Amino acid sequence: MNEEQAALVEEQVRHALDLMRAEIEALKAQQRHDDELACHRLRALEAQAQDHEQRLRSATTGVTEFKVWSGLAAGGSGLMSLAALLRTFLGG
């Protein structure tokens, strides 16, 4: 192998090495992009889950308050009916 052929092979190896480095850098960039996208999606899902949990807690609180007030109203109404009944029987 003469000097020109060795230089040509050396240049081809360097070119192949440069191509592989460029491909590795492109893969790294794609991997960083995919990682950022996955993190963004995860944060969005966590925010949605937290919002959903907050809505459920709010709905539960509302239902509980409604049950308490309706129970008090029904109890008060029943108490007033009982008072009216006693008043009627006792000649009120």
Side-chain angles (χ1 to χ4, degrees):
M1 187 178 278
N2 64 21
E3 212 173 287
E4 287 181 12
Q5 289 176 338
L8 180 61
V9 169
E10 179 186 355
E11 186 62 33
Q12 288 175 342
V13 169
R14 284 185 183 178
H15 181 67
L17 186 60
D18 288 342
L19 288 175
M20 287 193 313
R21 284 181 181 154
E23 186 175 349
I24 288 171
E25 288 302 316
L27 288 171
K28 284 181 181 179
Q30 181 65 38
Q31 186 179 15
R32 278 191 301 270
H33 173 73
D34 290 345
D35 185 51
E36 289 173 4
L37 186 60
C39 287
H40 175 71
R41 287 178 176 168
L42 179 61
R43 282 191 298 273
L45 286 172
E46 287 173 345
Q48 285 178 351
Q50 187 175 9
D51 181 54
H52 190 271
E53 182 179 342
Q54 194 73 342
R55 288 175 187 242
L56 284 175
R57 288 179 191 268
S58 178
T60 302
T61 302
V63 168
T64 303
E65 288 176 4
F66 176 75
K67 281 186 170 186
V68 167
W69 282 109
S70 65
L72 289 174
S77 174
L79 188 61
M80 293 306 288
S81 296
L82 184 59
L85 183 63
L86 287 175
R87 186 173 160 193
T88 303
F89 280 126
L90 296 177

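Every value quoted in this text rests on a predicted model; they were computed, and no experiment measured them. All heavy atoms count here, side chains included; hydrogens, waters and symmetry mates do not.
Atom CG of Leu82 sits about 13.5 Å away from atom CZ of Arg87, to the nearest 0.5 Å. Expressed to the nearest 0.5 Å, how far CG of Leu90 lies from CG of Leu85 amounts to 9.0 Å.
Through direct or relayed side-chain contacts under 4.5 Å between Ile, Leu, Val, Met, Phe, Trp and Tyr, Leu17 connects to Met20.
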Throw together a table of side-chain donor-acceptor distances under 3.5 angstrom for residues 36-61, partners on residues two or more places apart or in other chains.
residue, atom, partner, partner atom, Å
Asp51, OD2, Arg55, NE, 3.0
Glu53, OE2, Arg57, NE, 3.2
Glu53, OE2, Arg57, NH2, 2.7
Thr60, OG1, Leu56, O, 2.8
Thr61, OG1, Arg57, O, 2.8

Would you be so kind as to tabulate the donor-acceptor pairs closer than 3.5 Å made by side chains of residues 69-77, with sequence neighbours excluded?
residue, atom, partner, partner atom, Å
Ser70, OG, Phe66, O, 3.0
Ser70, OG, Lys67, O, 3.1

Candidate pair Leu8 and Gln12, rule side-chain contact (heavy atoms from CB on, under 4.5 Å), full reasoning
CA-CA 6 Å; Leu8 180 61; Gln12 288 175 342; 4.1 Å; yes
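Pairs of residues two or more places apart, or lying in two chains, that qualify as salt bridge (charged side-chain N to carboxylate O under 4.0 Å, His left out) and include a residue from residues 3-15 are Glu10-Arg14.
In terms of the side-chain hydrogen bond (donor to acceptor under 3.5 Å, both in side chains) criterion, residue partners of Gln30 (sequence neighbours excluded) are, by chain and number, Asp34.
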